[in-house]
Amino acid sequence: MEQLDAHHELVKDHVLLMGIVNVTPDSFSDGGTFLGLPSAIEHARKLACEGADIIDIGGESTRPGAKLVSIDEELSRVIPVIKGLKGKISAKISIDTRKADVMREAIKAGADIINDVTALQYDTESLHVAASSDCPVILMHGLTEQGGDPKTMQDNPVYEDVVGEVCESLRRNIAVCEGAGIGKMRLIIDPGIGFGKTADHNIELLANLGYFRDLGLPLLIGASRKGFIGLLGGESDAMKRAPGSIAAALYAVSQGAKILRVHDVAKTRQALGVWQALDQAKT
Ligand code: 8Y7
């Protein structure tokens, strides 16, 4: 997809879907959202068939309260999946990691995009690895500057102005990347829904995505099945949050989001098709 190479073009009308594949050695260790190797590959292929433009492969849960995973462990989870998919699907492969060694090996194995929930801040080597590659990089805001990590980030997130602060933080991350030789054309920004944010913060961010347009970069939103969807939609079971997730996704697109990170690719694709056709017919 050349759209991602010149990703300012990426983005004109086409909204990209990023399908989520979480890998652990033991299937269904996380209530069915994480998959063992054979099922991870199968699931990724299914998402690609359903119309995912990107498959996001992660081997370390960054959910609130998640345990750390060693580099070797993470590599043994994600590398076989990347190798198993490379050349077999037309979707691009993104590696969801905050570790430089994992980025480097994943790129060698065929990953096309770096997705770092710490905006390349967690590992001091990450900037260098990203700069020496030619991969697009997703810079997500995750409260790293305040020392936030997945274990503690939800403890008591405080902002005076969540939209302004997340914008400013991303602006600094972009400058750091440019300083390290990662051209702006390679960057994608993401306010990091659910990372170091309360439900109210998430809602305020999603309702005001227009402010992120000033940064002049494609905007990715990952709201799929997250806690605030459950709260707003009254659904405690994360597996049943597709309708609410789709509502959030379409709203995000109406505000300028260009990439949606989702679990339910086919359903989101269908909803997007209808929404976009109507939006484009508006006189
Ligand atoms: C996001 C993400 C997760 C997100 C980007 C979950 C890895 C939590 N969320 N990456 N990763 N944006 N770029 O519930 O919102 O999927 S993990």
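Counting starts at 1 for both ligands and their atoms, in listed order. Being a predicted model, the structure only gives us computed values, none of them experimental.
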For ligand 1, which part of K226 has a heavy atom less than 4.0 Å away: the side chain, the backbone, both, or neither? side chain

Please name the pair of heavy atoms, one in H263 and one in S224, separated by the smallest distance, quoted to 0.1 Å. ND1-OG, 2.7 Å

With the side chain counted from C-beta on, respond yes when E60 and R98 share a heavy-atom pair under 4.5 Å apart, and no when they do not. yes

Check each atom of ligand 1 against the heavy atoms of D96 and keep those under 4.0 Å away; list them by number with element. 7 (C)

Side chains of N173 and E178: does their closest heavy-atom pair fall under 4.5 Å? no

I need the minimum non-hydrogen distance between V21 and A40, along with the two atoms involved. CG1-O, 3.8 Å

Residue V117 vicinity, atoms of ligand 1 by number, heavy atom under 4.0 Å: 2 (C), 7 (C), 10 (N), 11 (N)

Which option wins on minimum heavy-atom distance to atom 12 (N) of ligand 1: D190, D116, I138, I113? D190

Backbone or side chain, does any N or O of H263 fall under 3.5 Å from an N or O of ligand 1? no

Under 3.5 Å: N/O of D56 near N/O of ligand 1: no

Are any of the side-chain nitrogens in K86 or D112 under 4.0 Å away from the carboxylate oxygens of its partner? yes

Quick check on contacts: which atoms of ligand 1 are under 4.0 angstrom from a heavy atom of F195? 1 (C), 3 (C), 9 (N), 17 (S)

For ligand 1, is there an N or O atom under 3.5 Å from any N or O atom of G222? yes

Ring centres under 6.0 angstrom apart (H201, Y159): yes

